[in-house]
Every structure is written in structure tokens, then in C-alpha cells.
Undergrad: 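After the C-alpha cells below, expect a handful of questions from me.
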Amino acid sequence: MEPTIQSSYEEAKKLYAQHGIDVDRALERLAQIKISMHCWQGDDVRGFLNRDQDLTGGISVTGNYPGAARTPEELRADLEKAFSLIPGKQKVNLHSIYADTDEKVELDRIEPKHFESWVHWAKEHGLGLDFNPTCFSHEKSQDGFTLSHPDPAIRQFWIDHCKASRKIGAYFGEQLGQTCVTNVWIPDGFKDIPADRLGPRQRLKDALDEVFAEELNPAHNLDAVESKLFGIGSEAYVVGSHEFYMGYGLQNNKLICLDAGHFHPTEVISNKLSSLSLFADGILLHVSRPMRWDSDHVVILDDELLDIAKELVYGDLLGKTHIGLDFFDGSINRVAAWVIGTRNTIKALLRAMLTPAEALKQAELEGDYTTRLALTEEFKSYPFGAVWDYYCAKSGVPVREQWLAEVKSYERDVLLKRGE
């Protein structure tokens, strides 16, 4: 480690210690947190089961930056490169369409064996895996409905797919010794104002009851449900609204997924965490950046990300919250997108840990809002960067922007050759 990094860290520790903040303890705590990095940033949500299928479900990836992964091997290599530039041990979040198999298999018939290479790879690298049924980009979802479909046969297809996905998630958890979160999101909704809002939601409730009927070991698999405000093609009405899934999740003891881009443009998920934590046993976060609603931009260190981290740290919610990323940008280097988004999420958590949370709370209880504001503002210029640099160096990953040179080299030596 460079002497200047070590010395800067020691000086930063002294400043933070004046406010009772144990920096070494904060880094130990940070190292225990796993961010679930989404595989679909690496290939623009194409997957490997039906790569010729158009992307549907209100999802759109823009840009044609060279080097998108075309095979499971390429995707795993890109993930490995990204992880080599990110401090700590993380997880990988897979969608069902990322099955690695030569067998022609339909979504309602997928099995753990179709993901065996992913499990072997995760074991080799000490990674956990999360999972998602893929209820989009399929001929049986072309009309915009899946689990709430009025046709019983099509609805059953998606029910069976979600059942199969849960079993794969449980297999991941059992094999890797890390609980898998299996998250259900569906695109179902109407473009224009519906005559019947209740019927589709009743069908969705009944379908979910069937999906979750089999009890699985919670040490291996935890179920989550994810809402959305609207989507392209479902502007007027989404079956799986926040109200629907919040009610369903609380009633049925399922994780409720809060996606940063799935709410009104001025609505933030940071303000929902404290309320939901009082009633839910667990929370799933999809950290994204909704520049214009659900635009899924690469996560930056903005106010909302910092506020999410503060809520998790100040409220001691990290033990019950599963943090995952969800963005896809095909206009920049895809490996860099992973690195930027994941490093920023970890940075935000560290910054929250390096604030005098208890002193701020006490000042607030005493009505001393002057102290609360003064400390909040002064800590924005405390030497957080010195602590972050030390954490990266100690973790054996590049400090500051040094990682970019490695990504550029990987792009030149690997990514650009994929088009040859």
C-alpha cells in the first residue's frame, strides 16, 4: 500500500474518532455487505435462451457500444473483470433467460441443471446467486399479460415458470450456502384506461398463491415481489402496483422490492424504508437511477443514493435489507457501468457509516436543529475519500480512477475483438 494512502487514512481516523466514529469497525462492517450485481447489464438483457426474441415488457436498452457478451462464458469473464475492480465479495443476480444449456428448454420447464455452470462458477469465486423468473420477451407475453392473463392456459404457463424459478433459487442457496432472493416482476397492464381493475388483480393474487404454495427453506430461498408504476404499453394501469404488492407481501411474508425507478418522478424509495421496515420482515432494494422515470441509468453518487444508504445505516436496517442493482446502459462500456454503479453503492454505505448518526439523532430529540444541520453539512467535507482509498487498497482493487485503465485495456484486448 502506498505510504500516502496509509498516512491519509490514519489522519482521517483521528478526525472521525473525535466524534466517536470507529473507522476500522466501519470497514469491517462494510466488508460483510453484499451487493447483488445484475448480469443483464453485460448483454443488454438478451439472455441465452431466446436471443432472437425482441425485448418486450416496457424494457428498452439504448446504445450499441461494442463488446456486449454473446455467450455465458463471455458474460462470466466480464463479471470477473468487474469484480476484480470492486472491493468486497458480492453476489450475481440472474434472470431465467441466462440459462447455460445446449438443450432447447421452455421457461416453464427450466431446472437447476440448466444453471449448473453458474453454480460451479459461483462456488469457484465465492459468490452468491440471486434469481428472477423472466416474464417478458416471450411469445406468451406479447399481449402484455402473464400471471394475470385471462387465458387460463397462458396464465398456467407463467405460474409454472415462476414455480420452477423458485426451485432453482432454492438450489442456488443450498449449493452456495448463501440465501438466494428470487424476485417476481411482471409487466402486466393496459395501455389505456381499463374497465375492470379488480379482475386482473384477483387473477394475479390467485396465481401468486399457487406460485408460492410450496414451502421452501428460507435459509435457501427468499421470495420477493416487485411493483411498478407504469411501463411502455401499460401507461394507464399496472396490475402489480405498489399497493397490491405491499399488501400481498405483508400478508404472505414475502420480501417487498422497492425499485428506485418504479415510482412517481418526485417519489423516492429512501423515504419508504423506515415505514416498510416496521411491518416487513425483509426488504429487497433495486438501486437504479431514474433520470426520467424508469430510465435505468448507471447509479451515481447522488442525493437519493446517499439518502438510501443513510436510512439503512441510521435505522439499522442492513440486516433485513437485500441490496441489488438494476440498470442497463448499452451506450458505454458495460464492464465500466457495473464498476461505477457497484462502487458508488458501496461508497454511499461507507459515507453513511462515517457520520455521527447518534449525535444527530440526539440533537434532534433535544430540539437542537442548529447542531443537526451544522454537523450534517460539516461532515460532507470530512475526509471520506481517504477512507475509501484505504479500503480499496486493502481489498486489493484499484484506488480511485485507476480501475478505468484496466477496463480500457480489457476493452482493447477482449471486448473489441468480439466483433471480429
Side-chain angles (χ1 to χ4, degrees), residues 1-13 16 23-39 41-42 67 69 74-93 121-130 176 178 287 298-302 305-306 309 312-313 318 323-325 327 329 332-354 383-415:
M1 184 182 298
E2 295 179 14
T4 54
I5 293 176
Q6 182 71 50
S7 61
S8 296
Y9 176 68
E10 296 301 332
E11 290 302 313
K13 282 175 62 176
Y16 284 112
V23 176
D24 288 331
R25 176 70 187 108
L27 293 183
E28 291 173 6
R29 187 182 180 194
L30 185 67
Q32 301 305 311
I33 300 169
K34 295 179 182 292
I35 308 299
S36 189
M37 205 167 75
H38 55 311
C39 75
Q41 164 61 37
E74 289 181 351
L75 183 57
R76 287 191 284 265
D78 292 352
L79 285 163
E80 287 176 27
K81 187 61 185 179
F83 281 131
S84 74
L85 307 173
I86 298 166
K89 279 291 184 183
Q90 315 304 333
K91 299 178 79 177
V92 172
N93 197 4
W121 174 78
K123 285 181 179 179
E124 181 182 352
H125 294 278
L127 299 167
L129 293 175
D130 291 324
L176 300 174
Q178 300 185 46
V287 183
V298 178
V299 170
I300 62 174
L301 200 62
D302 59 7
L305 182 62
L306 293 170
L312 294 177
V313 172
L318 287 167
I323 307 172
L325 304 179
F327 53 79
D329 189 344
I332 64 174
N333 183 294
R334 295 168 183 83
V335 175
W338 273 323
V339 176
I340 293 167
T342 311
R343 283 173 66 116
N344 277 334
T345 303
I346 301 169
K347 282 181 188 177
L349 292 169
L350 178 58
R351 279 194 57 165
M353 292 176 183
L354 297 179
F384 154 78
V387 180
W388 171 252
D389 290 348
Y390 175 82
Y391 182 58
C392 288
K394 183 181 178 182
S395 301
V397 303
V399 174
R400 293 188 287 276
E401 70 277 7
Q402 293 172 6
W403 64 265
L404 183 58
E406 291 200 32
V407 170
K408 290 291 187 179
S409 176
Y410 185 74
E411 176 180 302
R412 182 183 63 253
D413 298 338
V414 178
L415 301 181

Undergrad: Which distance, rounded to the nearest 0.5 Å, do you find between the CG of Asn333 and the NZ of Lys408?
TA: 6.5 Å

Undergrad: Verify, without hydrogens or angle tests, whether Ser8 (side chain) and Thr4 (backbone) share a donor-acceptor contact under 3.5 angstrom.
TA: yes

Undergrad: Which distance, rounded to the nearest 0.5 Å, do you find between the CD1 of Ile346 and the CZ of Arg351?
TA: 15.5 Å

Undergrad: With a 3.5 Å cut-off and sequence neighbours excluded, list the donor-acceptor pairs that the side chains of residues 78-86 form with protein atoms.
TA:
unit_1 : atom_1 : unit_2 : atom_2 : d
Asp78  : OD1    : Tyr410 : OH     : 2.6
Asp78  : OD1    : Arg418 : NH2    : 2.8
Asp78  : OD2    : Arg418 : NH1    : 2.9
Asp78  : OD2    : Arg418 : NH2    : 3.4
Glu80  : OE2    : Trp121 : NE1    : 2.7
Glu80  : OE2    : His125 : NE2    : 3.3
Lys81  : NZ     : Glu406 : OE1    : 3.2
Ser84  : OG     : Lys81  : O      : 2.6

Undergrad: Please report the interatomic distance CD(Gln178) to NZ(Lys123), rounded to the nearest 0.5 Å.
TA: 12.0 Å

Undergrad: Quick one: does any side-chain atom of Gln41 pair with a main-chain N or O of Asp329 as donor and acceptor, under 3.5 Å?
TA: yes

Undergrad: Of all the heavy-atom pairs spanning Cys39 and Val92, show the shortest one and how long it is.
TA: CB-CG1, 4.3 Å

Undergrad: Okay, side chain of Gln90, backbone of Ser36: is any donor-acceptor separation there less than 3.5 Å?
TA: no

Undergrad: Just do the side chain to side chain contact (heavy atoms under 4.5 Å, CB included) check on Leu349 and Leu312 with the steps written out, would you?
TA: CA-CA 8 Å; Leu349 292 169; Leu312 294 177; 4.2 Å; yes

Undergrad: Run Ile300 and Leu305 through side chain to side chain contact (heavy atoms under 4.5 Å, CB included) and show every step you take.
TA: CA-CA 8 Å; Ile300 62 174; Leu305 182 62; over 6 Å; no

Undergrad: Dump the intermediate steps for side chain to side chain contact (heavy atoms under 4.5 Å, CB included) on Leu318 and Ile323, then the final yes or no.
TA: CA-CA 9 Å; Leu318 287 167; Ile323 307 172; 4.2 Å; yes

Undergrad: Can you tell me if Gln6 and Glu10 form a side-chain donor-acceptor pair at under 3.5 Å?
TA: yes

Undergrad: If you define the side chain from C-beta out and look only at heavy atoms, does anything of Trp403 sit under 4.5 Å from Val407?
TA: yes

Undergrad: Within the structure provided, determine whether Tyr9 and Pro383 are in side-chain contact (heavy-atom separation under 4.5 Å).
TA: no

Undergrad: Does atom NZ (Lys394) have a neighbourhood of more than 12 heavy atoms from anything else shown, all under 6.0 Å?
TA: no

Undergrad: Has the side chain of Glu401 got a donor or acceptor atom that lies under 3.5 Å from a matching backbone atom of Pro398?
TA: no

Undergrad: Step by step, would you call Val387 with Leu354 a side chain to side chain contact (heavy atoms under 4.5 Å, CB included)?
TA: CA-CA 9 Å; Val387 180; Leu354 297 179; 3.9 Å; yes

Undergrad: Does the side chain of Leu404 reach to within under 4.5 Å of the side chain of Val339, using non-hydrogen atoms?
TA: no

Undergrad: For a quick test of reading the model, state the closest non-hydrogen atom pair linking Ile332 to Ala337 and the distance between them.
TA: CD1-CB, 4.0 Å

Undergrad: With the side chain counted from C-beta on, respond yes when Arg343 and Val397 share a heavy-atom pair under 4.5 Å apart, and no when they do not.
TA: yes

Undergrad: If I compare all heavy atoms of Gly42 with all of Leu75, which pair ends up nearest, and what's the gap?
TA: CA-CD1, 3.9 Å

Undergrad: Heavy atoms, side chains only, cut-off 4.5 Å: are Lys91 and Leu127 in contact?
TA: no

Undergrad: Please check this pair: side chain of Asn93 against backbone of Met37, looking for a donor-acceptor N/O pair closer than 3.5 Å.
TA: no

Undergrad: Output yes when a side-chain donor or acceptor of Trp338 lies under 3.5 Å from a complementary backbone atom of His38, and no otherwise.
TA: yes

Undergrad: So do Thr342 and Leu325 actually touch side chain to side chain, heavy atoms under 4.5 Å?
TA: yes

Undergrad: Taking atom CG of Asp24 and atom OH of Tyr390, what is their separation to the nearest 0.5 Å?
TA: 6.5 Å

Undergrad: A side-chain contact here means heavy atoms from C-beta on lying under 4.5 Å apart; do Val313 and Arg29 qualify?
TA: yes

Undergrad: Side chains of Val23 and Tyr391, heavy atoms from C-beta outward: is any pair under 4.5 Å?
TA: no

Undergrad: What distance separates Ser395 OG from Lys89 NZ, expressed to the nearest 0.5 Å?
TA: 11.0 Å

